[in-house]
Novice: 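Mind looking over this structure? Questions follow.
It should be emphasised that the depicted structure is a prediction, and the values quoted were computed from it without experimental measurement. As the structure lists them, so they are numbered: ligands from 1, and atoms in each ligand from 1. Just the heavy atoms: all of them, side chains too, but no hydrogens, waters or symmetry mates, feed the values below.
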Amino acid sequence: MELDILIKNASELLTCKADSPKVREKLRDPGIIENGALGIKDDKIVFAGKTEGVNFSADKVIDATNKVVMPGFIDCHTHSVFAGSREKEFVKKLQGVPYLEILKQGGGILDTVEKTRKATKEELLEKLLKRLDRMISLGTTTVEIKSGYGLNLETEKKILEVADLADKRHPISIVKTYLGAHTLPKGKTKKNYVEEVISSLDKIKPYAEFCDIFCEKEPNFSIEETIKILTAAKNLGYKLKMHSEQLSQLRSAELAAELKATSADHLEYISDTGIHEMAKAGVIGVVLPGVTFHLMTKKYAPAREMINNGLALALATDYNPGTCPSENMQLMMSIACREMKMLPAEAINCSTINAAYAISREKEIGSLEVGKKADILILNARDHDYIPYHFGINHVEKVIKNGKIIE
Ligand code: NIG
Ligand code: FE
């Protein structure tokens with residue numbers, strides 16, 4: 001067979017292969033092939049194995065001696081379409097003002113909403129494309145993007161349209177989520193806004209695959225309101241996600257299990273029953289350690305307990321201007337290892353194959369297997385432990401997206 005690209009001599013080729021989301025022991029196994037080789041034809045992987053004995057010819061041969069080759073990162077939780085930035089709020093937080101207090105004072109999400117409402121589609125697209133450029137240079141090849149900085153039909157639609165335009169223009173693949181129920185907009189009562197979100201669901205359906213909600217204490221959405229909105233969304237064919245147990249324990253993880261959500265995200269305050277119910281129902285737990293790091297609350301999701309109890313985890317940035325102003329998945333792995341005691345191999349599986357499960361893309365991406373999309377990273381690291389260990393730098397040497405080398 002004549003290949004387009006042949007990568008050979010990788011010190012470690014990490015397949016990250018799994019038939020179901022990885023839990024416990026499997027999570028520790030990145031599927032290492034030493035002296036690995038990878039064959040690419042068109043946009044697909046056609047060979048993954050040892051370099052010895054490989055005799056394909058290829059248009060381009062890449063020597064990966066002393067390098068790790070692995071699947072592209074999948075950032076399965078971001079709020080990447082927004083205007084403005086919130087460094088002033090960061091300074092307030094440094095001086096001890098809590099996140100919910102800032103939100104109550106009209107800052108936080110509402111500050112970004114005001115700026116995002118005023119921005120044109122073109123302005124938002126330009127900003128998003130720059131963010132996607134940074135992401136791909138850091139190794140992210142697929143990203144989930146939520147709306148949620150519009151809080152009215154017009155702006156929520158605008159945000160999702162911008163994400164769609166970027167999906168067509170940028171090599172990164174984008175998965176879209178409707179988060180109309182991010183928080184209560186100014187000038188609305190809770191009851192009215194819940195009704196408004198429910199009646200917007202069918203109008204937004206052509207623009208989003210998932211529906212998400214910020215289930216949390218006031219001014220966000222209670223368990224009852226979450227049930228109303230997510231049940232209506234499910235009936236219309238949305239897959240479900242939840243911002244769950246982030247700032248307090250409301251037992252929304254148990255609800256995510258009951259509603260058979262694809263994922264429940266954050267989970268800093270998850271209970272033992274929450275862990276068991278989610279594991280039993282097969283809901284992926286998405287942990288976002290960049291948020292705890294940035295909010296300086298020291299309250300990380302109990303990743304070890306979750307892993308030990310068989311809950312499949314994924315790792316993401318939660319990139320947004322308020323709680324995680326960083327698009328860097330390598331940094332998230334470094335924080336996850338140090339603060340949640342994830343092993344490097346676990347952090348890698350959580351950022352690839354398990355993250356693919358968190359956005360229902362496990363059949364196409366997340367592992368290096370024949371037939372999967374050729375979304376591949378070549379890293380300047382001899383082994384996978386080195387990646388989160390040497391933190392604060394970009395290890396990515398080459399990104400291949402859909403079989404094409406990104407320059
Ligand atoms: O995922 N938790 C709620 N929403 C975002 C924060 C958004 C913001 O502060 O702008 C989050 O942390
Ligand atoms: Fe979020």
Novice: Report all N/O contacts between ligand 1 and the protein shorter than 3.5 Å as a table of atom names and distances to 0.1 Å; if there are none, say 'none'.
Specialist:
| residue | atom | partner | partner atom | Å |
| --- | --- | --- | --- | --- |
| ligand 1 | 1 (O) | H79 | NE2 | 3.2 |
| ligand 1 | 1 (O) | H243 | NE2 | 3.1 |
| ligand 1 | 1 (O) | H266 | NE2 | 3.1 |
| ligand 1 | 1 (O) | D318 | OD1 | 3.0 |
| ligand 1 | 1 (O) | D318 | OD2 | 2.6 |
| ligand 1 | 2 (N) | Q246 | OE1 | 2.6 |
| ligand 1 | 4 (N) | H182 | NE2 | 2.8 |
| ligand 1 | 9 (O) | R86 | NH2 | 2.8 |
| ligand 1 | 9 (O) | Y99 | OH | 2.5 |
| ligand 1 | 10 (O) | R86 | NH1 | 2.9 |
| ligand 1 | 10 (O) | R86 | NH2 | 3.3 |
| ligand 1 | 10 (O) | Y149 | OH | 2.6 |
| ligand 1 | 12 (O) | D318 | OD2 | 3.0 |
| ligand 1 | 12 (O) | T323 | OG1 | 2.7 |

Novice: Quick check: does any side chain N or O of T15 sit under 3.5 Å from a backbone N or O of L368, one acting as donor and the other as acceptor?
Specialist: no
Novice: State the count of protein N/O/S atoms located less than 2.8 Å away from the Fe ion (ligand 2).
Specialist: 4
Novice: Under the side-chain contact (heavy atoms from CB on, under 4.5 Å) rule, what do V175 and I145 come out as? Steps first, then yes or no, please.
Specialist: CA-CA 6 Å; V175 173; I145 296 182; over 6 Å; no
Novice: Take I359 and T262 through the side-chain contact (heavy atoms from CB on, under 4.5 Å) test and state the conclusion after the steps.
Specialist: CA-CA 7 Å; I359 51 167; T262 305; over 6 Å; no
Novice: Does the gap between the ring centers of F221 and H182 come in under 6.0 Å?
Specialist: no
Novice: Are H384 and H395 near enough that their ring centres are under 6.0 Å apart?
Specialist: no
Novice: Which residue is it: D212, L255, L267? I am looking for the one with a side-chain contact (heavy atoms from CB on, under 4.5 Å) to S244.
Specialist: L267
Novice: Are the aromatic rings of Y319 and H77 close, with centres under 6.0 Å apart?
Specialist: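 No, the ring of Y319 stays outside the 6.0 Å limit from the ring of H77, centre to centre.
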Novice: I'd like to know if the side chain of N9 reaches the main chain of N35, judged simply by a donor and an acceptor atom lying under 3.5 Å from each other, with no hydrogens or angles considered.
Specialist: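 No.
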Novice: Do R169 side-chain atoms and L165 backbone N/O form a donor-acceptor pair below 3.5 Å?
Specialist: no
